Colleague: 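Pasting a structure below so you can have a look.
If you read the sequence from its start, that first residue is 1, and numbering goes on from there. Bear in mind the structure is a predicted one, so any value in this text is a computation, not a measurement.
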Amino acid sequence: EGRQEEVEYMVIKLDMFEFGTYKEAVERGGKQPTTTKWVEGWKMGEDGKRFVGCRLVGRDFKGKRGGVRDDLFASMPPLESKKMMFRVTAGIRGWRRRRGKEEVKLMFIDVGKAHLNAKCDEEEWVELPEEMWRWGRYARLRRWLYGMRKAASGWEEDYAKRFEGAGFTRGRAAPTVFWNKMTKVRVVVHGDDFTMSGKKKELEAIREKMKEWYEIKDRGIMGSGVGEIKEVVILGRTVRWTAEGIEYEADAKHRKTLMKRAGLEEDSKAAAGPVVKIAEGKEDEEEKDLEGKDKTEFRGDCALLNYLGRDRSDIQFATNQICRRMSRPTEEGRRKVKRLVRYLVGAEKVVWNYREFEGERRRLRLDVHVDSDWAGGGADRKSTSGGMVMLEGAAVKHWSRTQKTRAMSSGEAEYYALVTGCAEGLGVTSVAEDMGFEVEVATWTDSTAGKSVAMGKMRHVELKYLW
């Protein structure tokens, strides 16, 4: 049933195939037609019932001599672009209400079968599955198929042209961010998920345009009004509209998955902190390597923790220490994972609260706070840079990264952390400008030695860091 629905949508509604023979496919395409396959999996419907989702994908693998192709690149917005949208929307709410101004709201839209909307102007031929043989076994694509290497970039260019035609300016630092100077509507696109902010009338207008362009799923407008949604899940994260502002929370399923893999329950004993520093003198002790299934599971845990850490600053340092062992998983690394997951038993969630701030028509304050952990990486003696970007006092980005160069002093390590913080501040500033925000940025450190290094008082520091 799912396959039949997909076939009818592609063949009849979209008319995305020019059917032909194998001879035509080879002669016109200049190569063997790309094979296809069905990808199927369980999905959850709006009514809460599960159903099997079916998607036909092309098996367009990278050739051995293909080289680097920029035309295949499709960008994704940095997570801080959505967080900045939520921060400013919540921040100016009270200021606008006290002045009798219309509320700025959020709107969430999903585009169905997004990649199929991208037009294909090339001689790209595919071999179709048996369900389509009544029309033909081979066909030239009129629209890009999922799995084809140009599908993602083609989809990005399609919606970008439409938004630019509707008066939006496309971002330079983040090409999937759009800003309309006239209507003050901001758009952040992640694949087929569109998150927007603006006045209700303007949001409704762009929603009607998108209905003309694509087959969309309107997830609602979020705001204080009657009938407007107060909670939504996007990219696995929960966003809530509250009386005080906007709340942002990480996906809870990753914590549950990690606990299940570690054999822990909600009533298991929790750890007080996510990490325990290696005892002095034990850094160089030989560690037992993991093998087979244990090695695979360790790397899977690292991936989950890394993803969860993007929304939970409390585990980022511990995750950084664990992920250093991905290339050579060890028993010590597995014990660190168990410790971190025990911490998650007690620290169930982190909720970011974006509250009101005073003013709207002014430059927003962007503060970057940095710190370092000198030579705390164990046997390799590498340091760690940590930092957090705050927009009007609320976090929009945070990180914990291993420094590539071994710092010879704590001041040098602090300097490297400072350089990273300045670079991140400039990056976030560029994205903010793409969204139509004016910001002024400052970087903060508590290290006098780090600032001295920045003034060029330590000549042995690598020249590439001395800008």
Colleague: Between Tyr159 and Phe178, what is the ring plane arrangement, given parallel below 30°, perpendicular above 60°, and tilted in between?
Modeller: perpendicular
Colleague: Could you state the interatomic distance from CE (Met435) to OG (Ser197), rounded to the nearest 0.5 Å?
Modeller: 6.5 Å
Colleague: Is there side-chain contact between Ile221 and Ile229, with at least one heavy-atom pair below 4.5 Å?
Modeller: no
Colleague: What residue pairs, at least two apart or across chains, pass side chain to side chain donor-acceptor pair (under 3.5 Å) with a residue in residues 237-253?
Modeller: Ser224-Trp241, Glu231-Arg240, Arg237-Tyr248, Arg237-Tyr307, Arg237-Asp311, Arg240-Glu247, Arg240-Glu249, Tyr248-Asp311
Colleague: Do Glu356 and Arg97 sit within salt-bridge range, that is, some charged N less than 4.0 Å from a carboxylate O?
Modeller: yes
Colleague: Taking side chain as C-beta onward, heavy atoms only, is Asp434 less than 4.5 Å from Trp179?
Modeller: no
Colleague: Can you classify the ring geometry of Phe168 versus Phe163 as parallel (below 30°), tilted (30 to 60°) or perpendicular (above 60°)?
Modeller: perpendicular
Colleague: For Gly112, does its backbone N or O pair with a side-chain atom of Glu215 as donor and acceptor, under 3.5 Å?
Modeller: no
Colleague: Less than 4.0 Å between a side-chain N and a carboxylate O, is that true for Lys288 and Glu332?
Modeller: no
Colleague: Which atom names give the shortest non-hydrogen contact between His115 and Ala151, and what distance separates them?
Modeller: ND1-CB, 3.9 Å
Colleague: Could you check whether any side-chain heavy atom of Val188 comes within less than 4.5 Å of a side-chain heavy atom of Thr176, counting everything from C-beta outward?
Modeller: no
Colleague: Between Thr195 and Met85, what is the shortest heavy-atom contact and its length?
Modeller: O-CE, 3.5 Å
Colleague: Between Lys83 and Glu80 (salt bridge meaning N to carboxylate O under 4.0 Å), is one present in this structure?
Modeller: no
Colleague: Got more than 12 heavy atoms from elsewhere within 6.0 Å of NZ, Lys113?
Modeller: yes
Colleague: Where is the tightest heavy-atom contact between Ala173 and Pro175, given as atom of each residue plus distance?
Modeller: O-CD, 3.8 Å
Colleague: Looking only at heavy atoms, which two atoms of Trp352 and Ala395 are closest? And how far apart?
Modeller: CZ3-CB, 3.4 Å
Colleague: Look at Arg365 together with Asp367 and state whether they make a salt bridge at an N to O cut-off of under 4.0 Å.
Modeller: yes
Colleague: Do Glu414 and Asp371 make a side-chain contact, defined as non-hydrogen atoms from C-beta onward lying under 4.5 Å apart?
Modeller: yes
Colleague: A quick test of your reading: do over 12 heavy atoms of other residues, nucleotides or ligands sit less than 6.0 Å from CH2 of Trp444?
Modeller: no
Colleague: Could you tell me whether the side chain of Arg219 and the main chain of Phe108 form a donor-acceptor pair under 3.5 Å?
Modeller: no
Colleague: Salt bridge check: are Lys105 and Glu202 linked by an N-O gap of less than 4.0 Å?
Modeller: no
Colleague: As a quick check of understanding, evaluate side-chain hydrogen bond (donor to acceptor under 3.5 Å, both in side chains) for Lys382 and Thr402, giving each step before the final call.
Modeller: CA-CA 7 Å; Lys382 288 188 176 181; Thr402 303; over 6 Å; no
Colleague: Apply side-chain contact (heavy atoms from CB on, under 4.5 Å) to the pair Lys336 and Val275, showing each step before the final yes or no.
Modeller: CA-CA 7 Å; Lys336 288 182 178 181; Val275 66; 5.8 Å; no
Colleague: Does Leu145 reach the side chain of Val57, with side-chain heavy atoms less than 4.5 Å apart?
Modeller: no
Colleague: Here's one to test your reading of the geometry: is the NZ or CZ of Arg87 within 45 degrees of the ring axis of Tyr354 and under 6.0 Å from its centre?
Modeller: no
Colleague: Between Thr384 and Gln403, does a side-chain hydrogen bond (donor to acceptor under 3.5 Å, both in side chains) hold up when you go through it step by step?
Modeller: CA-CA 5 Å; Thr384 303; Gln403 295 180 1; over 6 Å; no
Colleague: Got more than 12 heavy atoms from elsewhere within 6.0 Å of CZ, Arg172?
Modeller: no
Colleague: Measuring from atom CZ of Arg149 to atom CG of Asp60, what distance do you get when rounded to the nearest 0.5 angstrom?
Modeller: 6.0 Å
Colleague: Can you confirm whether Lys184 is buried at NZ, in the sense that more than 12 heavy atoms of other residues, nucleotides or ligands lie under 6.0 Å from that atom?
Modeller: yes
Colleague: Quick check: closest heavy atoms across Leu106 and Leu203, and the distance to 0.1 Å?
Modeller: C-CD1, 4.2 Å
Colleague: Measure the spacing between CZ of Arg312 and CZ of Arg255 and express it to the nearest 0.5 Å.
Modeller: 8.0 Å
Colleague: If you apply the rule side-chain hydrogen bond (donor to acceptor under 3.5 Å, both in side chains), what do you find for Tyr214 with Asp158, and how did you get there?
Modeller: CA-CA 11 Å; Tyr214 309 118; Asp158 186 85; 2.6 Å; yes
Colleague: With a cut-off of 6.0 Å (strictly less than), are more than 12 heavy atoms of other residues, nucleotides or ligands near NZ of Lys161?
Modeller: no
Colleague: More than 12 heavy atoms of other residues, nucleotides or ligands under 6.0 Å from CZ of Arg310: yes or no?
Modeller: no
Colleague: Any side-chain heavy-atom pair from Leu340 and Thr319 closer than 4.5 angstrom?
Modeller: yes
Colleague: Report yes if some heavy atom in the side chain of Met388 is under 4.5 Å from a heavy atom in the side chain of Val368; otherwise report no.
Modeller: no
Colleague: Is any side-chain heavy atom of Glu102 less than 4.5 Å from a side-chain heavy atom of Lys200?
Modeller: yes
Colleague: So which atom in Ala407 and which in Trp374 form the shortest heavy-atom distance, rounded to 0.1 Å?
Modeller: O-NE1, 3.1 Å
Colleague: Salt bridge or not between Glu331 and Arg334? Use side-chain N to carboxylate O under 4.0 Å.
Modeller: yes
